[in-house]
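Below is one structure, written out as structure tokens, with a few remarks after it.
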Protein chains: 2
Amino acid sequence: MLRLSKFADYGTQVMAYMAKDGAVHSASEVAAGLGMAASTISKILKMLARENLVESVMGAKGGYMLGRHPKNISIAEIIYAMDGPISITECSGTSACTRESLCSTRGSWQGINRIIQEALEKESLAEMIKPRHHDTRNHIAEHHIVDISAIRSRGKSA
Amino acid sequence: MLRLSKFADYGTQVMAYMAKDGAVHSASEVAAGLGMAASTISKILKMLARENLVESVMGAKGGYMLGRHPKNISIAEIIYAMDGPISITECSGTSACTRESLCSTRGSWQGINRIIQEALEKESLAEMIKPRHHDTRNHIAEHHIVDISAIRSRGKSA
DNA sequence: TGAAGTGGGACTATTTTAGTCCTAGTTAGT
DNA sequence: ACTAACTAGGACTAAAATAGTCCCACTTCA
């Protein structure tokens, strides 16, 4: 379904929570704040720390704090920290493609990958936690799912 | 990893194969042509047929043919046929969001979803099977994976 | 020294995804 | 009329990715 992993989703939530201030928050505190299991949040924070998106402070009274200003953190980085490289296609250097000629088919994926990555890279954590999104053109009210019915009906009639 | 399902990948391959001509091809023929298991390809063709991306011809000498001109078939439709709605986020109308205030965080996802969908919608099957992609700006030679190292290093230094 | 933390990884459970197979229905050819 | 070559649809199984939990070592504060 071309969906983000839950970890990536949690990751952004955790980052958004941390972005409220520059203070140190323990994993359990963040977990309580987000209403999630402490062990899960702990894992997520560890992953974020490995990529320096958050900085850890060890010992009692320790915890995590944002690694840098929310303006300088992109969604792409968070996704990368949680899920690894952002690529829509599988075939990645290991030449899983059976036929060279066929692989010309896949050239398009590169362009699409690029567009996705750019979108993810442009959006900063700072923009994300704003009450209103900077892009004001028509929001879909209730759902985050993109309405594809237009495409479907176009297909049926043709 | 924000990756496409294999089915979606196969789906585009099958469609690309069919797009070579307007003729009727049996599932087993397509499977042989792509070097894949007949049962798998059969399943994929059935899924494509349900969305009218291919038309089925029953009986002996039957098979499948492209539903319409490759120019009028978008990658988005193929993905939809194989994987269902294209949405990067999970929270989709069923209000899985624990906190309303937190959900402002997710407004950004709508914009990102939109961008992705537009990219997928713009790219037609016809463009995909062209030997060269219409978008000529720098291709990454070997991989389809997007190089995220630039992002990473930016993160480390900050 | 103990309580409160993180670091890192092993482990298990769950869910998705992928792949196979079976039965029924349709059509062409003989 | 019969048979071979097909698709339709779904049940079923296998495999893999994802999510979540837990444990033990180390660090710091009081």
Side-chain angles (χ1 to χ4, degrees), chain A residues 1-14 18 23-32 34-67 79 81-85 87-90 92 96, chain B residues 1-11 13-14 18 23-32 34-67 79 81-85 87-90 96:
Chain A
M1 294 176 192
L2 185 64
R3 68 167 215 299
L4 230 48
S5 74
K6 267 190 188 174
F7 281 173
D9 192 19
Y10 295 167
T12 57
Q13 287 195 54
V14 167
M18 306 280 292
V24 172
H25 303 276
S26 73
S28 54
E29 185 218 314
V30 176
L34 295 176
M36 304 183 70
S39 44
T40 300
I41 294 299
S42 170
K43 182 178 183 177
I44 301 219
L45 279 164
K46 283 175 200 171
M47 296 173 89
L48 293 169
R50 258 197 280 119
E51 294 297 324
N52 295 107
L53 293 176
V54 296
E55 267 178 41
S56 66
V57 180
M58 302 245 306
K61 303 252 175 184
Y64 299 89
M65 57 193 286
L66 226 51
I79 294 177
M82 304 307 295
D83 290 351
S87 174
I88 220 175
T89 44
E90 235 190 27
S92 54
Chain B
M1 294 176 193
L2 186 64
R3 67 168 215 299
L4 228 51
S5 76
K6 266 190 187 171
F7 280 174
D9 192 19
Y10 294 168
Q13 286 196 54
V14 167
M18 307 280 291
V24 173
H25 303 276
S26 73
S28 53
E29 187 219 312
V30 176
L34 295 177
M36 305 183 70
S39 44
T40 301
I41 295 299
S42 171
K43 182 178 184 178
I44 300 214
L45 279 163
K46 284 175 200 170
M47 295 172 89
L48 293 169
R50 258 196 281 120
E51 296 297 324
N52 293 107
L53 293 176
V54 297
E55 266 179 40
S56 67
V57 180
M58 304 245 305
K61 304 251 176 180
Y64 299 89
M65 56 193 287
L66 226 52
I79 294 177
M82 305 306 295
D83 291 351
S87 174
I88 220 175
T89 44
E90 235 191 27

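Protein chains get the first letters and strands the later ones, always in sequence-line order, with residue 1 at the start of each.
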Which atoms form the tightest heavy-atom contact between [X] and [Y], and what is the distance?
X: A/M65; Y: A/A23; value: CB-O, 3.6 Å
X: A/G67; Y: A/E55; value: O-OE2, 3.8 Å
X: B/A8; Y: B/D83; value: CB-OD2, 3.5 Å
X: A/A27; Y: A/I41; value: O-CG2, 3.7 Å

Anything under 3.5 Å between a protein N or O and an N or O of nucleotides 27-30 of chain D, put it in a table, one pair a line.
from: D/dT27; atom 1: O2; to: A/G59; atom 2: N; distance (Å): 3.4
from: D/dT28; atom 1: O2; to: A/A60; atom 2: N; distance (Å): 3.0

The nucleotide from C/dA18, D/dG9, C/dT20 with an atom nearest the side chain of B/S5 is C/dA18

One pair to check against side chain to side chain contact (heavy atoms under 4.5 Å, CB included): B/Y64 and B/M18. What are the steps and the verdict?
CA-CA 8 Å; B/Y64 299 89; B/M18 307 280 291; 3.7 Å; yes

Could you tell me how far apart [X] ([atom1]) and [N] ([atom2]) are, to the nearest whole angstrom?
X: A/R50; N: C/dG8; atom1: CZ; atom2: P; result: 7 Å
X: A/L4; N: D/dT18; atom1: CG; atom2: P; result: 11 Å
X: B/M18; N: D/dT7; atom1: CE; atom2: C1'; result: 13 Å
X: A/I44; N: C/dG7; atom1: CD1; atom2: C1'; result: 16 Å
X: B/K46; N: C/dG19; atom1: NZ; atom2: P; result: 15 Å
X: A/E29; N: C/dT6; atom1: CD; atom2: P; result: 10 Å
X: B/M47; N: C/dT17; atom1: CE; atom2: C1'; result: 10 Å
X: B/K6; N: D/dA17; atom1: NZ; atom2: C1'; result: 11 Å

With a 4.0 Å limit, can you tell me whether [X] has a side-chain N or O closer than that to the phosphate oxygens OP1/OP2 of [N]?
X: B/S56; N: D/dA8; answer: yes
X: B/S42; N: D/dT7; answer: no
X: A/T40; N: D/dT21; answer: yes
X: B/Y10; N: C/dG19; answer: yes

#### Entry: Steps toward side chain to side chain contact (heavy atoms under 4.5 Å, CB included) verdict (B/Y10, B/M47)
CA-CA 11 Å; B/Y10 294 168; B/M47 295 172 89; over 6 Å; no

| request: Check whether any side-chain heavy atom of B/L4 sits under 4.5 Å from a side-chain heavy atom of B/M82, and report yes or no. | output: no

Of A/Y64 and A/K43, the one whose nearest nucleotide on DNA chain C sits closer to the 5' end is A/Y64

On DNA chain D, more 5' by nearest nucleotide between B/V57 and A/S39 is B/V57

